[in-house]
Amino acid sequence: MAQQTINTISANELLAYALRLKNTNHRMVAISCTTVENGIEMSYSFDGGNDFINLRFIAGPEDEIESISSIYPYSFLYENEIKELFGVNITGITPDYKDKLYKISVKTPFNMKEGDK
Amino acid sequence: MNFSKKSPWILHYDGSSCNGCDIEVLACLTPLYDVERFGVINTGNPKHADILLITGSINEQNKSVVKQLYEQMANPKVVVAVGICAATGGIFSECYNVLGGVDRIIPVDVYVPGCAARPEAIIDGVVKALGILEERQKFARKKA
Amino acid sequence: MGKETVIPFGPQHPVLPEPIHLDLVLEDETVVEAIPSIGYIHRGLEKLVEKKDFQQYTYVAERICGICSFMHGMGYCMSVESIMGVQIPERAEFLRTIWAELSRLHSHMLWLGLLADALGFESLFMHSWRLREQILDIFEETTSGRVIFSVCDIGGVRKDIDSETLKKINSILDGFEQEVSEITKVFLNDSSVILRTQGLGVLSQQAAFDLGAVGPMARASGIDIDMRKSGYAAYGRLKMEPILETAGDCYARTSVRIKEVFQSLDLIRQCIALIPEGEIKVKVMGNPKGEYFTRLEQPRGEVLYYVKANGTKFLDRVRVRTPTFANIPALLETLKGCQLADVPVLILTIDPCISCTER
């Protein structure tokens with residue numbers, strides 16, 4: 001099994017890290033979220049064949065997180081999902097489905113935004 | 001002549017099942033169990049169907065879809081809930097997006113137990129549904 | 001240039017056993033764009049970790065999807081075992097691999113049937129599903145379940161397969177192989193199948209990489225990814241090479257899956273030849289603490305499980321990223337420019353499993 005590393009970064013370094021991984025031919029595997037006390041813990045997972053790298057930071061309810069869809073185009077699906085289900089404020093997703101990807105009429109319990117969907 | 005007595009047409013809808021029951025419903029139609037030899041056909045059109053087979057539980061999202069499919073079917077009609085999820089919500093009943101069994105939305109006539117329901121049980125359920133269908137048909141004729 | 005029309009596809013559609021909804025933007029008969037919306041089967045089962053403890057959650061994990069049920073259970077158990085540092089007995093690793101490969105066989109046979117059905121080739125559909133029942137019989141004999149087995153447990157497996165039965169499995173598979181090669185010949189050589197699939201929905205190698213495709217979808221475009229090569233369970237001790245095609249169209253995806261049917265047969269035989277005697281389960285004490293990412297190869301491609309535990313009976317988080325989810329961007333891209341009549345076949349060739357995807 002490939003070695004798993006978790007790099008804790010700050011949210012504004014995300015794009016720089018993602019670009020560096022893209023240049024070393026890493027494949028994005030997934031973006032995962034975990035609800036923690038002060039927001040949502042985001043893990044961006046990348047696979048480079050022999051290594052498995054996770055970028056980790058915490059997104060607060062007020063934070064704006066920039067989308068990595070300009071670097072990894074297929075991240076749009078993950079980012080739309082996270083935005084809708086977890087209420088993380090991700091900006092600049094192309095394409096942005098504007099809360100229309102998931103057809104769920106109830107608010108998800110892990111959504112950190114106030115009020116109804 | 002009463003065709004529906006022996007050869008009902010079936011409409012299958014997957015509520016929010018895990019696919020386990022769905023593939024067993026399909027398995028009933030394929031060579032090992034082969035209910036098609038009795039003229040039972042899985043149709044995609046609710047207007048053609050006599051029996052509605054629902055797998056999986058009801059959530060906010062598919063509520064209106066299930067209701068609409070039921071209303072589109074011509075009378076007499078019978079609803080069969082396949083699997084424990086369709087009966088009560090099963091293992092997922094505590095999930096936030098799951099409302100519960102199919103009977104929360106539309107009247108259910110036959111409950112088929114199992115997780116996943118076995119083909120034998122599903123066929124048994126459909127045969128039971130046939131009896132109910134016949135009763136309803138008689139009743140509808142008398143009224144007419 | 002024609003007017004743009006939006007056609008809703010699904011949720012209840014004859015070709016799909018599961019509800020998925022796509023808004024297809026058409027110009028005359030040509031698809032310009034496809035906009036997905038999902039959530040009809042969303043149950044929120046990842047949230048159930050708060051109500052079911054980590055042992056009970058194995059049952060929930062198995063019900064993420066009824067088709068790759070065993071692999072979901074296995075992936076979840078592997079994650080928890082990795083966190084707890086549990087080394088399961090070698091025999092259990094081999095048994096898991098046998099069941100996993102049998103699951104792949106049944107899933108691919110199921111898919112071949114659905115493809116035939118989408119093509120309107122009814123008899124081929126019936127034959128695929130008839131052969132699939134032989135695999136289900138093996139499941140029933142070894143686990144007593146047909147689709148959901150509940151044999152995988154944290155620390156190993158619950159049931160053993162004795163050598164008598166292993167021999168029997170071998171002979172069933174011999175017969176199966178002979179019969180299956182008859183019908184796969186039809187899939188690969190029949191002119192009507194070729195006309196419907198060749199050149200349809202081409203995904204180039206570069207596009208497949210850029211769109212993050214996984215599994216047979218990526219391998220049909222010539223990308224060499226197969227998580228089994230990472231050697232989890234008993235795969236490290238077996239000989240296998242990922243099956244690659246280069247054309248990247250629906251025909252190539254069919255061909256990859258067909259070759260994988262024979263690959264799985266080979267892997268099961270290797271397992272039966274190599275399986276050691278011994279225990280099938282170790283006792284697991286205490287509660288897990290820590291986090292782990294597990295990746296394995298499902299019939300549909302790479303799946304990721306993320307488990308985070310806090311040292312109590314209840315886990316903090318279970319996350320599943322399923323292969324269908326990863327393949328959606330590639331699907332949306334290949335849909336562009338295809339004819340409306342080809343949409344069902346094209347959607348089927350990613351082998352969508354919506355129940356996994358929406359969780």
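Note that the structure is predicted; figures quoted are calculated from it, not measured. Letters A, B, ... are given to chains in the order of the sequence lines, protein chains preceding strands, and every chain is numbered from 1.
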Interface residues of residues 297-310 of chain C facing chain A - non-hydrogen atoms under 4.5 Å apart: Glu302(C), Leu304(C), Tyr306(C), Lys308(C)
Interface residues of residues 207-217 of chain C facing chain A - heavy atom cut-off under 4.5 Å: Phe209(C), Asp210(C), Leu211(C), Gly212(C), Val214(C)
ring-ring contact (aromatic ring centres under 6.0 Å, His included) against Phe57(A), all qualifying residues, sequence neighbours excluded: Tyr44(A)
Validation row, ring centre Phe325(C) to ring centre Tyr78(A) under 6.0 Å: yes
Electrostatic pair Glu13(A):Arg20(A) at N-O distance under 4.0 angstrom: no
Residue among Tyr72(A), Tyr74(A), Phe76(A) with most heavy-atom pairs under 4.5 Å to chain C: Tyr74(A)
Test log, rule side-chain hydrogen bond (donor to acceptor under 3.5 Å, both in side chains), inputs Ser43(A) and Arg56(A): CA-CA 5 Å; Ser43(A) 310; Arg56(A) 166 79 49 91; 2.9 Å; yes
Region of Ile31(A) in contact with chain C, defined by heavy-atom distances below 4.5 Å: backbone
Contacting region of Asn54(A) [heavy-atom separation from chain C under 4.5 Å]: side chain
Whether the side chain of [X] engages the backbone of [Y] through a donor-acceptor N/O pair (distance < 3.5 Å, no angle test) should be reported.
X	Y	answer
Asp51(A)	Ile53(A)	no
Arg321(C)	Val29(A)	yes
Arg219(C)	Glu245(C)	no

Aromatic plane relationship, Phe52(A) with Phe293(C) - under 30° parallel, 30 to 60° tilted, over 60° perpendicular: perpendicular
Please list, one pair per line, the donor and acceptor atoms closer than 3.5 Å that link side chains of residues 330-337 of chain C to other protein atoms, with sequence neighbours excluded.
residue, atom, partner, partner atom, Å
Thr334(C), OG1, Ala330(C), O, 3.1
Thr334(C), OG1, Leu331(C), O, 2.9

Within 6.0 angstrom of Lys229(C) NZ, more than 12 heavy atoms from elsewhere: yes
